[in-house]
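These numbers come from a predicted model, not from an experiment.
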Amino acid sequence: MDDLSNSIASGVGAVVTAPWPFFAVVCIVVFGVWKVISTLYSTRIQNAESTITMLEKRIGQAEAEQARLGAEQASAGKARSPAPEQAGAAVAPLSVPVPQTEPNLPKSWPNEELYVPSNFTPERAMKYFVGRTALQGEADAAKYVNHRIKLQRAVKQVNATPSSFLVVLETADGNGIYCFFGRPNLAVETLSIGDVVQIDGLIERIYILGIDLQDCRLIRE
């Protein structure tokens with residue numbers, strides 16, 4: 001009888017104690033997997049929030065710049081207005097622009113001399129900032145500002161303000177090419193992420209986060 005009791009006690013002890021190491025290992029593995037998934041998800045959320053914040057900042061800067069330019073043009077127009085005593089002078093007839101079949105597309109492109117060299121690329125411009133301050137890089141890249149550039153890239157994002165459209169193009173180095181179009185522009189409104197487009201734009205600024213292009217136009221082949 002004692003031998004039977006001892007056997008039963010040993011069996012019960014083995015059943016009670018044996019699963020615990022295995023259960024502890026399973027808990028550790030599950031916790032590790034959960035931790036990795038949680039970290040990846042948090043990183044993706046932070047990257048998305050950073051991209052949205054950057055786009056909102058660029059849109060705000062563009063609106064402020066357009067308001068400043070509008071104020072300067074208004075001031076210049078007042079300065080050029082004729083004096084009251086000259087009101088009776090002959091006034092040259094105003095030229096009325098001819099409507100174009102496609103909005104935002106001029107009849108002819110600007111003079112080729114106004115374009116950057118053929119070997120210039122946004123990725124090459126970003127090399128001015130490698131190992132240097134933002135101010136140093138902008139100073140060296142300033143020679144390309146106020147020149148036009150033609151690009152063929154994939155669309156990364158499209159956004160809108162009350163007065164313009166912002167099309168963000170993809171780059172090989174992860175920086176942004178921010179292309180501003182006037183409104184209305186049906187061709188820009190119908191763009192989708194991943195569409196490959198050809199854009200002609202005026203370089204307004206080259207800085208550590210990318211390039212701003214104003215007066216942009218979609219090139220039609």
Could you give the side-chain donor-acceptor pairs of residues 130-139 under 3.5 Å, partners two or more places apart or in another chain?
unit_1	atom_1	unit_2	atom_2	d
Arg132	NH1	Asp140	OD2	2.1
Arg132	NH2	Asp140	OD2	3.3
Thr133	OG1	Gln136	N	3.1
Thr133	OG1	Gln136	OE1	3.4
Gln136	OE1	Thr133	N	3.1
Glu138	OE2	Arg205	NH2	3.2

### Task
Please identify each residue that fulfils salt bridge (Lys or Arg N to Asp or Glu O under 4.0 Å) with Glu170, with sequence neighbours left out.
none
### Task
Side-chain contact test, heavy atoms from C-beta onward, threshold under 4.5 Å: evaluate it for Thr161 versus Phe180 and give yes or no.
no
### Summary
Output for pair (Ile199 CD1, Lys150 NZ), nearest 0.5 Å, gives 13.5 Å
### Query
Do Gln152 and Ile219 come close enough that some side-chain heavy atom pair is under 4.5 Å?
no
### Query
Once you round to the nearest 0.5 Å, how far does OG of Ser118 lie from CD1 of Ile149?
11.0 Å
### Summary
CD1 (Ile206) and CD1 (Ile211) are apart, to the nearest 0.5 Å, by 5.0 Å
### Query
Is Val145 reachable from Leu202 through a run of hydrophobic residues whose side-chain heavy atoms are each under 4.5 Å from the next?
no
### Message
Using the ring-ring contact (aromatic ring centres under 6.0 Å, His included) criterion, which residues pair with Phe165? Sequence neighbours excluded.
### Response
none
### Summary
One should read off an interatomic distance between Thr121 OG1 and Lys127 NZ, to the nearest 0.5 angstrom, of 7.0 Å
### Message
Quick check against the 3.5 Å criterion: does Glu204 have a side-chain atom that pairs as donor or acceptor with the backbone of Gln214?
### Response
no
### Task
Could you grab the distance from atom CZ of Arg153 to atom OG1 of Thr171, nearest 0.5 Å is fine?
7.0 Å
### Task
Identify, with sequence neighbours excluded, every residue that meets side chain to side chain donor-acceptor pair (under 3.5 Å) alongside Ser163.
Gln66
### Query
Hey, are the side chains of Asn175 and Pro122 touching, using non-hydrogen atoms and a 4.5 Å cut-off?
no
#### Entry: Test side chain to side chain donor-acceptor pair (under 3.5 Å) applied to Arg183 - qualifying residues, sequence neighbours left out
none
Considering only distance and modelled atom types, tabulate donor-acceptor pairs under 3.5 Å from the side chains of residues 189-197, sequence neighbours left out.
unit_1	atom_1	unit_2	atom_2	d
Thr190	OG1	Leu186	O	3.2
Thr190	OG1	Ala187	O	3.1
Asp195	OD2	Ser192	N	2.8

### Query
Which distance, rounded to the nearest 0.5 Å, do you find between the CG of Leu213 and the CZ of Phe181?
8.5 Å
### Query
Mind checking what makes side chain to side chain contact (heavy atoms under 4.5 Å, CB included) contact with Pro162, not counting sequence neighbours?
Glu63
### Message
Is there a side-chain contact between Leu166 and Gln157 in this structure, where contact means two heavy atoms from C-beta onward sitting under 4.5 Å apart?
### Response
no
### Summary
Taken in chain and number order and not counting sequence neighbours, the residues that satisfy side chain to side chain donor-acceptor pair (under 3.5 Å) with Tyr207 are Arg58, Asp212
